Amino acid sequence: MAGARGDRVGREVGCLLLQVLRVLVLVQVLLLQPAAGKVCNDRARHPQDNSWFAKDKEKLPIMVLMPMNESALMSGISQGIEPAVQLAIQHIQESEKYSFTLITKIYDTERKGSRCLRFADGVCVCVCVCVVGTHATTSDQEIPVELSFAATTPVLADKKKYPNFFRTVPSDNAVNPAVVKFLNFYNWSRVGTLTQDVQRFSEVRNDLTSELEKADIQIADTESFSNDPCINVKKLKDNDVRIIIGQFDENLASKVFCCAYNLNMFGSKYQWIIPGWYQGNWWEQANSTNCTTRKLLTAMEGYISVDFEPLSARQIKGISGRTPKEYEREYSRELQQKGVESSKFHGFAYDGIWVIAKTLTRVMELLRIKQRHENHNFTVDDREVGRMVLDVMNETNFNGVTGQVMFRNGERMGTIKFNQFQEGREVKVGEYNAIADILDLINNSIRFQGVEPPKDRTFVRLQRRHINVPLYSILSTITILGMLMAGAFLFFNIKNRNHRLIKMSSPYMNNLIILGGLLSYASIFLFGLDGGFVSDKEFETLCTVRTWILIVGYTTAFGAMFAKTWRVHAIFKNVKMKKKIIKDQKLLIIVGGMLLIDLCILICWQIVDPLKRTVEEYSLEVMRRLSRLVKIPPRRMHTHTTHWLRARRLSLHDINEWNEGRKKERKYEEKGGARRAGERERDS
């Protein structure tokens with residue numbers, strides 16, 4: 001993802017382009033003449049005869065800047081570029097569609113006599129002191145147009161600083177829309193970033209942050225490190241980051257995955273997305289950790305790497321009349337003949353030469369049309385030609401060996417490839433077309449560690465604890481049987497109410513006891529209904545209703561039983577055995593009084609502090625489902641009232657004191673009863 005893919009010694013971005021291969025396109029293209037050095041003058045200030053565009057078979061030079069010295073850091077890549085440039089010029093000549101011949105003038109940026117032009121924010125571009133064309137100078141009146149096939153740093157995307165810069169290679173920032181598309185494909189909406197504290201990675205991270213915000217993807221944590229990433233990796237784990245986007249070189253990548261292994265941040269629960277420009281078997285060459293290769297491979301398994309596609313995978317004939325495979329075979333033959341190594345940028349250099357050819361052809365056509373409409377003494381200055389070149393290059397659109405070549409504000413809209421690390425090697429799993437904004441993943445090529453893609457977070461699922469339905473069914477069945485039995489007793493009691501024994505047992509009181517029992521039975525059904533059966537609003541009403549029914553049923557049943565017991569007690573407490581009659585009407589009054597007291601309490605309770613629905617949460621319970629981790633906080637829904645709970649505590653305390661007092665009274669009465677019985681015996 002990050003720029004200067006050949007930079008292995010970690011130089012700052014200030015001299016990044018010193019090692020990057022670049023092509024400088026001359027806006028005012030001149031003939032190669034012995035007096036070429038004389039063109040380093042003030043031509044931009046005075047219009048002059050530029051008849052080169054009106055001639056056929058003209059030899060037009062292009063200047064190529066790259067380090068060719070074998071001692072240069074990037075000379076190996078440069079030597080692999082020259083065959084692609086010469087091959088492109090050869091194919092242009094063979095096509096016979098262009099009225100000119102391109103001649104390359106290669107300048108070694110590492111040779112003696114070159115100088116470095118330093119621009120804003122430290123970016124430097126090395127050029128020769130005097131080169132072919134008017135654009136060796138840095139005059140503001142000229143419009144130099146630069147075309148690069150290897151400069152990927154995001155710094156050059158600033159059109160305010162570099163308005164005339166084009167590149168056929170995608171910028172490091174070009175992978176960010178592809179990553180966002182990949183995240184959306186798997187519905188990952190929460191990610192974390194881990195970035196090496198270097199400017200070129202920070203630039204990519206900042207652009208990625210902007211793209212993620214546009215896509216409404218949450219950045220759960222952003223970590224950056226200089227040397228030891230373990231602390232930052234631990235923070236990502238503590239923040240429950242499962243999808244991690246890394247921006248670091250291969251030297252620190254081994255440290256990152258070693259920390260990930262030690263923290264168990266790999267496997268089915270995690271997904272790493274890292275740059276795809278690392279060298280082959282980088283984990284062996286760059287392993288400076290205490291982790292073995294086996295441990296690194298274990299932690300690396302399944303990571304996704306993202307990088308630009310060096311050559312198009314679509315085997316269609318492009319502007320040169322060749323497919324990418326056919327071009328690659330010819331390029332390989334050129335490499336063998338010259339005995340140099342391949343460069344991953346050769347396809348972009350090849351397409352860059354075609355961009356120059358098409359641009360010059362179109363500019364020449366426009367100039368000839370303009371000449372015909374004016375006069376034969378038509379002249380044009382460099383600035384006007386420069387503006388025409390800029391306009392024409394922005395309209396570039398053709399199929400090359402690297403795919404569809406198209407610029408948007410000077411940036412190449414290329415193809416981004418996705419690879420996955422599988423069993424010790426990277427396998428291509430898809431690609432992203434930036435022009436069409438389409439992500440194309442190869443069917444069944446991505447292998448996740450679990451049976452499904454990892455989730456982007458630990459899911460906390462709120463789950464209510466409901467009444468167990470089988471248990472509720474069993475209790476309801478028993479309750480129905482009890483109600484049927486109570487109903488049978490009620491029928492029997494009413495039918496035989498005139499029977500002497502039934503009549504002596506106070507059938508009205510018996511009926512009240514049975515009715516109270518039926519109400520208490522009915523409350524069991526209501527207490528078994530919870531949030532799984534009724535809505536939240538109905539639940540509060542249900543709580544009130546079942547409370548009233550239970551209290552009224554309990555008071556009715558036990559009130560009638562208490563009244564009957566009290567009558568027996570009142571009759572047999574009569575020591576003198578005087579005849580005493582207590583009718584059922586008096587007992588009904590006692591039961592009615594009890595019910596009246598209950599109703600008064602219930603009404604006051606409902607008005608002052610009614611029952612309210614609350615949800616009580618318990619500690620989290622971990623439930624593993626496939627490859628996702630779900631934590632469930634059990635919740636129980638119930639109703640309560642603060643004042644009533646306090647009153648209930650007080651009432652229980654009072655009842656306990658009352659019970660203690662009653663025990664003392666009984667003991668006293670028992671002692672008094674025994675004394676009176678002894679007195680009666682003595683009297684007799």
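Keep in mind that this is a model prediction, so the values were computed, not measured.
Side-chain contact between W282 and W277: absent, with no pair of heavy atoms (C-beta onward) separated by less than 4.5 Å. Using a 4.5 Å heavy-atom cutoff, the side chains of N184 and L439 are not in contact. For the pair R412 and V405, the minimum side-chain heavy-atom distance is below 4.5 Å. The shortest distance between side-chain heavy atoms of V429 and I442 does not fall below 4.5 Å. Taking the side chain as every heavy atom from C-beta outward, Y186 and I243 never approach each other to under 4.5 Å. Contact of the K358 side chain with the T396 side chain is not registered, since no non-hydrogen atoms from C-beta on lie closer than 4.5 Å. Here the side chains of Q315 and P324 are in contact, with some heavy-atom distance below 4.5 Å. Contact check for N397 versus Q404: side-chain heavy atoms found under the 4.5 Å cut-off.
Considering CZ of F225 and SG of C259, their distance stands at 8.5 Å, rounded to 0.5 Å. In this structure, OG1 in T222 is found 9.5 Å from CD1 in I245, a value given to the nearest 0.5 Å. Between K159 atom NZ and F165 atom CZ the span is 7.0 Å, to the nearest 0.5 Å. Considering CD1 of I231 and CG of L236, their distance stands at 12.5 Å, rounded to 0.5 Å. Note that the OG1 atom of T193 and the CG atom of D221 stand 7.0 Å from one another [nearest 0.5 Å]. T289 OG1 to N251 CG: the interatomic distance, rounded to the nearest 0.5 Å, is 12.0 Å.
A donor-acceptor contact shorter than 3.5 Å is absent between the side chain of K181 and the backbone of Y432. Panel note: side chain E284, backbone T293; no donor-acceptor pair is recorded below 3.5 Å. Not one N or O on the side chain of R242 forms a donor-acceptor pair closer than 3.5 Å with the backbone of D456. Proximity of a side-chain donor or acceptor of N409 to a complementary backbone N or O of E411 within less than 3.5 Å is not detected. Q196 contributes no side-chain N or O that, together with a main-chain N or O of F201, makes up a donor-acceptor pair within less than 3.5 Å. One N or O on the side chain of Q420 and one on the backbone of G302 form a donor-acceptor pair closer than 3.5 Å. For the pair W272 (side chain) and M265 (backbone), a donor-acceptor distance under 3.5 Å is present. With hydrogens and angles ignored, the 3.5 Å screen pairs no side-chain donor or acceptor of D207 with any backbone N or O of E203. For N232 (side chain) and K235 (main-chain N/O), no donor-acceptor pair under 3.5 Å exists by modelled atom type. Distance alone, capped at 3.5 Å, places no donor-acceptor pair between the R322 side chain and the Y327 backbone.
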### Task
Show the numbers, then the answer: is there a side chain to side chain contact (heavy atoms under 4.5 Å, CB included) between N419 and V427?
CA-CA 5 Å; N419 290 342; V427 178; over 6 Å; no

### Query
Could you go step by step and tell me if F266 and Y261 meet the ring pair (Phe, Tyr, Trp, His ring centres under 6.0 Å) rule?
CA-CA 7 Å; F266 62 91; Y261 180 85; 5.5 Å; yes

### Message
The test is side chain to side chain contact (heavy atoms under 4.5 Å, CB included); show your working for L311 and K325 and say whether it passes.
### Response
CA-CA 9 Å; L311 289 177; K325 284 290 184 183; over 6 Å; no

### Task
List the steps and the verdict of side chain to side chain contact (heavy atoms under 4.5 Å, CB included) for L147 and M393.
CA-CA 10 Å; L147 177 66; M393 288 191 69; 4.0 Å; yes

### Query
Could you go step by step and tell me if S254 and L296 meet the side chain to side chain contact (heavy atoms under 4.5 Å, CB included) rule?
CA-CA 7 Å; S254 58; L296 288 181; 4.3 Å; yes

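Closest approach of A253 and Y278 over heavy atoms only: CB-CE1, 3.8 Å. Closest approach of W188 to P454, counting heavy atoms only: NE1-O, 2.7 Å. P275 and S305 get closest at one heavy-atom pair: O-CB, 3.7 Å. Across all non-hydrogen atoms, the minimal contact from S268 to G450 is CB-N, 3.6 Å. A pairwise comparison of heavy atoms in K344 and D307 identifies NZ-OD2, 3.1 Å as the closest pair. When every heavy atom of A84 is checked against every heavy atom of H346, the shortest pair comes out as CB-O, 3.4 Å.
For Y303, the ring-ring contact (aromatic ring centres under 6.0 Å, His included) partners at least two apart in sequence or on another chain are F257, F421. For K428, the side-chain hydrogen bond (donor to acceptor under 3.5 Å, both in side chains) partners at least two apart in sequence or on another chain are E309, E431.
Taking 4.0 Å as the cut-off between side-chain N and carboxylate O, E426 and K417 do not count as a salt-bridged pair. The pair D440-R314 does not meet the salt-bridge criterion, since no charged nitrogen lies less than 4.0 angstrom from a carboxylate oxygen. The existence of a salt bridge linking R447 and E423 is confirmed by a sub-4.0 Å separation between a basic side-chain nitrogen and an acidic carboxylate oxygen. Using a cutoff of 4.0 Å between basic side-chain nitrogens and carboxylate oxygens, E365 and R362 are scored as salt-bridged.
Between the side chains of N262 and K295, no donor-acceptor pair of N or O atoms lies under 3.5 Å. Side chains of N164 and E146: no donor on one and acceptor on the other come within 3.5 Å. In this model, no donor atom of one side chain and acceptor atom of the other lie less than 3.5 Å apart for D197 and S224.
Both tests do not hold together for K317 against F398: distance to the six-membered ring centre under 6.0 Å, angle to the ring axis within 45°.
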For residues 348-357, which side-chain N or O atoms pair as donor and acceptor with protein atoms under 3.5 Å away, sequence neighbours left out?
from : atom 1 : to   : atom 2 : distance (Å)
Y350 : OH     : H91  : ND1    : 2.6
Y350 : OH     : S320 : OG     : 3.3
Y350 : OH     : W354 : NE1    : 3.4
D351 : OD1    : V401 : N      : 3.1
D351 : OD2    : V401 : N      : 3.3
D351 : OD2    : T402 : N      : 3.0
D351 : OD2    : T402 : OG1    : 2.5

